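Below: one structure, written as structure tokens.
Every number for a ligand or one of its atoms is a count from 1 in the order of the listing. The structure presented is a predicted model; accordingly, all values stated were derived computationally and were not measured.
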Amino acid sequence: MASNSSESRASTEVPAPYGNGPAPQGQAPERKPAKVRIHHLQQAKREGTRFAMLTAYDQYTAEIFDAAGIEVLLVGDSASNNVFGNETSLPVTVDELLPLCRAVARTAKRALVVADLPFGSYEVSAEQAVATGVRFLKEGLAHAVKIEGGAFYAPTVRAMVQAGVPVMAHIGFTPQSEHALGGYRVQGRGDDARRLIDDAVALADAGAFCVLMEMVPAETAAAVDAAVDVPTVGIGAGKETTGQVLVWQDMAGLRGGRMAKFVKQYADLRSTLMEAATAYGEDVRSGQFPGPEHSF
Ligand code: KIV
């Protein structure tokens, strides 16, 4: 029988930063960091292991995804079209995203929290990007930020990193440039792969700790991953990236409508909530709820 004494705990305790407490008797300790840091993602790249990333925009999803072991939570500008009811990610503002970011960062105990800098909040100058990045770390309590764009933004990334703002770079299809790119289109096909490789190398050289690729052929994404030492994350970019990310409402089937090819749905929350809300409405209208057990 497992003893609870501090003596037996000491013999099985896992050294920091892998401090998840003692391993069950006879089992190898689970090698999970107590807090996911950027260097753990870099370690994953070096060791050929993978990590998972999901968007989160509020307390309960942050709590659940964190407890489920998701390594990175992204307070994405996709809140624009998944929380605020906009059609695209363009209208969401810094002041709208900051409170969502604070809620996620306050709740997550283990995950690395990354915040998107919304459209218009970093493109004007490196100074503007530094100032917005600082706001997300200071007021939003984020651990890092993400910006969209290629090699052109390397000087911006360098300035942000020098100011102490860790940056994840987002290349390939960049939703904030939806209109400039002519809609949702796969990027980096054929000869265009070279452009994405150059973008990734320039951004990594400038200090980006990770490169995220969206809607990029698997072969191109693999070439990008091979060209940089930093970890990569994919969304619609095949399986050769270090990590994968999905928007949580897509992953859990809360959003209705057409899904992108790269989405895998792991639940049907939309039907579950629809059934619950319908049953509740019927119970209220028929006088079934509240019952005596719900009354004082
Ligand atoms: O905002 C977001 O959800 C994103 C993902 C698509 C990576 O940037």
Residue pairs involving residues 203-227 (criterion salt bridge (charged side-chain N to carboxylate O under 4.0 Å, His left out); sequence neighbours excluded)
K45-D225
Results of side chain to side chain contact (heavy atoms under 4.5 Å, CB included) for L141 - residues two or more places apart only:
R102, A105, R106
What residues, two or more places apart in sequence or in another chain, satisfy side chain to side chain contact (heavy atoms under 4.5 Å, CB included) together with A223?
I197
Identify whether F119 and V145 are in the same connected component of the hydrophobic contact network (ILVMFWY, side-chain heavy atoms under 4.5 Å).
no
Taking the basic N atoms (NZ, or NE/NH1/NH2) and the acidic carboxylate oxygens, is any pair closer than 4.0 Å for R255 and D250?
yes
Pairs of nitrogen or oxygen atoms, one from ligand 1 and one from the protein, closer than 3.5 Å: please tabulate them with distances.
from	atom 1	to	atom 2	distance (Å)
ligand 1	1 (O)	D77	N	3.3
ligand 1	1 (O)	D77	OD1	2.9
ligand 1	1 (O)	S78	N	3.1
ligand 1	1 (O)	S78	OG	3.1
ligand 1	1 (O)	D116	OD2	2.9
ligand 1	3 (O)	S78	OG	2.5
ligand 1	8 (O)	D116	OD2	3.4
ligand 1	8 (O)	K146	NZ	2.8

Do T61 and D58 pair up side chain to side chain, a donor and an acceptor below 3.5 Å, judged on atom types alone?
yes
